[in-house]
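Let me begin by presenting the structure, written as structure tokens, before commenting on it.
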There are 2 protein chains.
Amino acid sequence: MNGVATISVINSKPTAAIIADKLREGIIEGAFAPGDQINEAQVAGQLNVSRGPVREALHRLVQEGLLLARPNRGVFVQDLTRRDVAEIYASREVIECAAAEIILRGDRDLRSATAERLHAIVDRMQAAIESDDWTALGRIDLEFHTLLVGDAGNSRLVRAYATLATEALMCLTHFPGAYPRPERVLPAHREIADYVRDGDMEVLQRTLHRHLSLTSIDHGPDDGRALVHPRAEAGGDA
Amino acid sequence: MNGVATISVINSKPTAAIIADKLREGIIEGAFAPGDQINEAQVAGQLNVSRGPVREALHRLVQEGLLLARPNRGVFVQDLTRRDVAEIYASREVIECAAAEIILRGDRDLRSATAERLHAIVDRMQAAIESDDWTALGRIDLEFHTLLVGDAGNSRLVRAYATLATEALMCLTHFPGAYPRPERVLPAHREIADYVRDGDMEVLQRTLHRHLSLTSIDHGPDDGRALVHPRAEAGGDA
DNA sequence: TGCTTGTGGATTGTTGACAATCAGAAGGTG
DNA sequence: CACCTTCTGATTGTCAACAATCCACAAGCA
């Protein structure tokens, strides 16, 4: 072991994974608008790789639900309808509540450890708010919830939640109005962390439900068309 | 609309999807043992196609969790550890209970329609039992639960449940002892269907929990190694 | 005019060849 | 005899060319 031991692995990930991450970022950030077609050859050209890995990356994103593949026609960025947003948040609530229940059945020390890590994330959320970085805030918010699910220790739930988390991020960038005012974000998450530590399932579940319910979207009419900027009617959180 | 209207589409699915289905079947049926390596070139040769679609199919199954890809080494059939089995059934309970709750919040007529279809599936289960077809029974059993989740109308939950269902089928073929005695299967499912119709969430949730809990596996020690035939200790259902 | 029917352009789907990578065996060296 | 280096076989990862497919548009016909 000499001095070069800590050189980062040259190309640890396969190319397809890197491309998938890049594209996922682009979709989340809004670089591709919903409905846009993503052309294999074009992406391959921009990234200076062959169509093979690009194709693989695109198919992965299709399976994640971010893209829609029409056979022999191409892949397109998914539209987010009211129904989709409602589904995403409802599913998140399902998995998060389940994770919470598992965690709360566990040891008190484990719960404290989880709560502590959750609080650490909330502190980072505060920092993001203070520097007016809304993109970062959304990501950290999702990180909070992903940690909650992760600490339940069920990899199946984690996997299912991961795709929901990226979809939720997509919601945030496309419907910026859906994110609540910052002064309510911090207390809400602190509450959740505290209830995890104290082990109060009843209250925790209610809090998560309130935190993740998009009442107006949930009960509004579903016209099947994509939302554009429902700033006035969304009341949920990440 | 003339007489040829019902001609089946020639080749509706892309080759990769067909291959993925074939391989998934093979894995579920046990044609590949856990830990076995699956060779791209070999499969391609057997199916008379190129490595491209095979590669795509394998990656899809990796993402579904059926296969494990070790970079530059190959893809292997996942081992099913105690922990995996516990995770799968716990996750199934989470999603099924959520689906049940959504359905029970719905219209009474819708509930009856769902219950009716569930009962129809139970009848097919009975037929499978009478002809001693255990493979079919497992599939129909999962079909029952998949219908339950599907009728909740949340495509995200459906997608998450689909992979869990295939994993559960894998459990059945690898741990045949995990399936309960047939005389208990039918009443259990009939109960579930009835509670869906009657809208009794409390009881339905308890029934689902009992139906999907693998108590001995759940609380047994997790040595990280794959189970072989825990016939003596498994008490769950599909 | 309105409907059917061919044609064009673009995109994905598929293929076989080539390069990169890794685990393990063989061989050399103190 | 243990350890390190080198080699080898097999497998995945990548690439560019070819084939199949589909939608859009325009021309032909009642």
Side-chain angles (χ1 to χ4, degrees), chain A residues 1-5 7-23 26-27 32-33 35-64 66-79, chain B residues 1-5 7-23 26-27 32-33 35-64 66-79:
Chain A
M1 287 301 167
N2 46 27
V4 265
I7 278 187
S8 67
V9 183
I10 302 294
N11 208 355
S12 65
K13 281 187 179 178
T15 318
I18 300 175
I19 299 173
D21 290 344
K22 269 190 178 338
L23 288 174
I27 295 169
F32 304 96
D36 275 3
Q37 180 167 15
I38 297 187
N39 188 304
E40 283 184 12
Q42 190 176 326
V43 174
Q46 286 177 2
L47 298 181
N48 269 354
V49 291
S50 168
R51 268 182 52 213
V54 174
R55 180 182 174 76
E56 197 173 316
L58 288 177
H59 277 283
R60 182 175 303 199
L61 296 182
V62 167
Q63 211 165 2
E64 285 180 20
L66 289 178
L67 301 179
L68 171 70
R70 289 201 284 163
N72 287 311
R73 282 302 291 168
V75 298
F76 302 81
V77 180
Q78 276 278 25
D79 280 337
Chain B
M1 287 298 171
N2 47 25
V4 265
I7 278 185
S8 67
V9 184
I10 301 293
N11 205 358
S12 64
K13 281 185 179 179
T15 320
I18 299 175
I19 299 173
D21 290 344
K22 268 190 181 332
L23 288 174
I27 295 169
F32 304 96
D36 275 4
Q37 180 168 14
I38 297 186
N39 188 302
E40 283 183 14
Q42 191 175 328
V43 174
Q46 285 178 4
L47 297 180
N48 269 355
V49 292
S50 170
R51 267 183 54 214
V54 174
R55 180 183 174 75
E56 196 173 316
L58 288 177
H59 277 284
R60 183 176 302 198
L61 295 182
V62 166
Q63 210 164 5
E64 285 180 20
L66 289 177
L67 301 178
L68 171 70
R70 290 202 284 163
N72 287 310
R73 282 301 291 167
V75 298
F76 303 82
V77 180
Q78 276 278 24
D79 279 337

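To the nearest 0.5 Å, the span separating CD1 on I38(B) from CG on L58(B) amounts to 6.5 Å.
Nucleotide dT21(C) holds its C1' atom 4 Å from the CG atom of N72(B), rounded to whole Å. Per the geometry, CG belonging to L47(B) stands 11 Å off P belonging to dT15(C), to the nearest Å. Rounded to whole Å, atom C1' of dA10(D) lies 9 Å from atom CD of Q37(B). The nearest whole Å value for the distance from the CZ atom in R51(B) to the C1' atom in dA10(D) is 12 Å. We find that CD of E40(A) is positioned 8 Å from C1' of dG13(C), with the value rounded to whole Å. Atom CG in N48(B) sits about 14 Å away from atom C1' in dG16(C), given to the nearest Å. Rounded to an integer number of Å, the gap from F76(B) CZ to dT12(D) C1' is 11 Å. Regarding I18(B), its CD1 atom lies at a distance of 13 Å from the P atom of dG13(C), rounded to whole Å.
For residues 67-77 of chain A, there are no salt bridge (charged side-chain N to carboxylate O under 4.0 Å, His left out) pairs, not counting sequence neighbours.
Summarising the geometry of A69(A) relative to P71(A), their closest heavy-atom pair is O-CD, 3.7 Å, with the distance given to 0.1 Å. Counting all heavy atoms, side chain and backbone alike, S50(A) lies closest to P53(A) at O-CD, 3.5 Å.
In this model, the phosphate group of dT11(D) is approached by a side-chain N or O of N39(B) to a distance below 4.0 Å at OP1 or OP2.
For residues 52-60 of chain A, proximity to DNA chain C is found at R55(A), H59(A), defined as any non-hydrogen atom under 4.0 angstrom from a strand atom.
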*With side-chain contact (heavy atoms from CB on, under 4.5 Å) as the test, would you mind laying out the steps for I27(B) and L67(B) before giving the verdict?*
CA-CA 9 Å; I27(B) 295 169; L67(B) 301 178; 3.5 Å; yes
*side-chain contact (heavy atoms from CB on, under 4.5 Å) between E56(B) and H59(A), worked out*: CA-CA 8 Å; E56(B) 196 173 316; H59(A) 277 283; 3.2 Å; yes
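The side chain to side chain contact (heavy atoms under 4.5 Å, CB included) test applied to Q42(B) returns N39(B), Q46(B), not counting sequence neighbours. With sequence neighbours left out, D36(B) forms a side chain to side chain donor-acceptor pair (under 3.5 Å) with no residue at all. Looking at residues two or more places apart in sequence or on another chain, you find a salt bridge (Lys or Arg N to Asp or Glu O under 4.0 Å) between E40(A) and R51(A), R55(A).
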Enumerate all atom pairs, one protein N or O and one N or O from nucleotides 23-25 of chain D, separated by less than 3.5 Å.
from    : atom 1 : to     : atom 2 : distance (Å)
dC23(D) : O4'    : R73(A) : NH1    : 3.4

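Listed nucleotides: dC18(C), dC15(D), dC18(D). Nearest to the side chain of V49(A): dC15(D).
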